[in-house]
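Note on naming: letters A, B, ... go to the chains in the order of the sequence lines (proteins, then strands), and numbering restarts at 1 for each one.
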Number of protein chains: 2
Amino acid sequence: MPKKRILPYVLLGLINNKGKLSGYQISQEFKNEVGEFWHASHSQIYPELARMKDDGWVKDEDDGKSTYYLITDNGQQVLRSWLEEPLSKTGELFSLKLYFIKDKSDSLLKSLIRQELEIKLDKLTHLKKRLKTVFFSDKQIEQNYGHYLILTRAIERETNHVKWLRTNI
Amino acid sequence: MPKKRILPYVLLGLINNKGKLSGYQISQEFKNEVGEFWHASHSQIYPELARMKDDGWVKDEDDGKSTYYLITDNGQQVLRSWLEEPLSKTGELFSLKLYFIKDKSDSLLKSLIRQELEIKLDKLTHLKKRLKTVFFSDKQIEQNYGHYLILTRAIERETNHVKWLRTNI
DNA sequence: GTCAACATGTAATAGGTTACATGATTAC
DNA sequence: GTAATCATGTAACCTATTACATGTTGAC
């Protein structure tokens, strides 16, 4: 299967978050928090918006200065079903999807956190196993100190993340 | 300027860490910790190794079953000067470079941690400012709850990271 | 008036993935 | 013997970046 494209959903999510956005404004949005999880240059954004309009995901509204894009009912459904797709272990889409959830009481919020928790608990188990098997002696630590640091740091980081997920479930 | 290629340095770093590796073994390595920071498929690895051999960064050693690659003195220098390039704010190469430092007493270790600390302190300041400006009222939080969560989580995460960097300096 | 920022678009290129191919070895 | 894994390589395709291009608006 071809690799799943994320960009159109990101644009859809951004437009949905803000109500309406121009291509230029979207490119500026990537300088903010969402830029931590996804990025796109204007040369990608404009053609993508045109495609999305063709597909009926968005409609445009021109004020003579900028072309703004608004999400359609169809687009809402498309965004929603993308958000509802289960998180894959490799995808790293948790934060991105979270960013697109506006309402605190949206049931998807808890669902995403639960999914992420399960994935991260597995990962934590795996990392701890790796630490034991790879660094079974002080000699291993000394000879691959950088690797040792990032592995122990990863365990700390994931432990903190799991703790946060648990308090927000 | 064209975007800086990372892949050859990653292959060089992996070969340097392990002594010698075949193309196949390198592709397997990406299933381990280093895969968190970089990935390459075998169709990228084999041609890249051939180029690196042409450039004199590595030499090969065939046992009839696999072709193993070993780093040359030239390759050592190339790897070292890449590791010594200052970290860029956007690059996210800290963990990757750390992974390639074998010796605990290598002065580069402290240097990398110091650089990362500076970058992350700036980022933390920026995130805290964003929190104040974007979420100045409860209404903003309620209407963009996902965004609020990832922003507050990012502040927590970076705070922890800074703490870790400080204890490892 | 000119420099930065706003605003949109296309073309060339690089980087990376999936698919296509092939053959050897090992475990069952 | 046959399925999984080892092992390497190329071709086609897609994505995304940089460069090229152009015009407007607002600040100083």
Worksheet item: Shortest non-hydrogen contact from Leu14(B) to Leu21(B)?
Response: O-CD1, 3.6 Å
Practice prompt. May I have the distance from His42(B) (atom NE2) to dT10(D) (atom C1'), rounded to whole angstrom?
Written response: 9 Å
Worksheet entry | Whole angstrom value for the distance that separates P of dT8(C) from CD1 of Ile45(A) | 10 Å
Worksheet item: dG16(C) P sits how many Å from Lys4(A) NZ, rounded?
Response: 23 Å
Response to the item:
When Ser66(A) and Lys3(A) are each assigned the nearest nucleotide of DNA chain C, the 5'-most assignment goes to Ser66(A)
Worksheet item: Looking across every strand, which nucleic acid part, if any, lies under 4.0 Å from Ser27(B) by heavy atom: base, sugar-phosphate, or nothing?
Response: nothing
Discussion item. I want to verify a distance call: between dA7(D), dG16(C), dA7(C), whose nearest atom is closest to the Arg5(B) side chain?
Written reply: dG16(C)
Practice prompt. Rounded to the nearest angstrom, tell me the gap between atom CG in Leu21(A) and atom C1' in dC6(C).
Written response: 15 Å
Worksheet item: Out of dA7(D), dA7(C), dT10(D), which nucleotide sits closest to the side chain of Tyr46(B)?
Response: dA7(D)
Discussion item. Measuring to OP1 and OP2 of dG23(D), would you say a side-chain N or O of Lys65(A) lies under 4.0 angstrom away?
Written reply: no
Worksheet, complete the sentence: In whole angstroms, the gap separating C1' of dC6(D) from CD1 of Ile26(B) amounts to 15 Å
Practice prompt. Nearest whole angstrom, please: distance from the P of dA5(C) to the CD of Gln25(A).
Written response: 17 Å
Worksheet entry | Candidate nucleotides dA7(D), dA19(C), dT18(D), ranked by approach to the side chain of Ser43(B) - the nearest | dA19(C)
Discussion item. According to ring-ring contact (aromatic ring centres under 6.0 Å, His included), who are the partners of Phe135(A), at least two apart in sequence or on a separate chain?
Written reply: His147(A), Tyr148(A)
Worksheet item: Where does the angle between the aromatic ring planes of His161(A) and Trp164(A) fall among parallel (under 30°), tilted (30 to 60°) and perpendicular (over 60°)?
Response: parallel
Worksheet item: How many Å lie between CD1 on Ile6(B) and P on dG15(C), as a whole number?
Response: 10 Å
Item to complete: Using distance alone, with no hydrogens and no angle criterion, decide if Gln115(A) and Ser111(A) have a side-chain donor and acceptor under 3.5 Å apart.
Response: yes
Practice prompt. Identify whether any heavy atom of Ser41(A) sits under 4.0 Å from a base atom; if not, whether one sits that close to sugar-phosphate; answer base, sugar-phosphate or nothing.
Written response: base
Practice prompt. Can you see which heavy atom on Asn16(A) is nearest to which on Lys102(A), and at what distance?
Written response: O-NZ, 2.9 Å
Worksheet entry | dT8(C) OP1/OP2 closer than 4.0 Å to side-chain N/O of Tyr24(A) | no
Practice prompt. Would you kindly give the CG-to-C1' distance between Leu49(A) and dT10(C), to the nearest whole Å?
Written response: 16 Å
Discussion item. Just N and O in the side chain of Gln44(B): are any of them under 4.0 Å from OP1 or OP2 of dT17(C)?
Written reply: yes
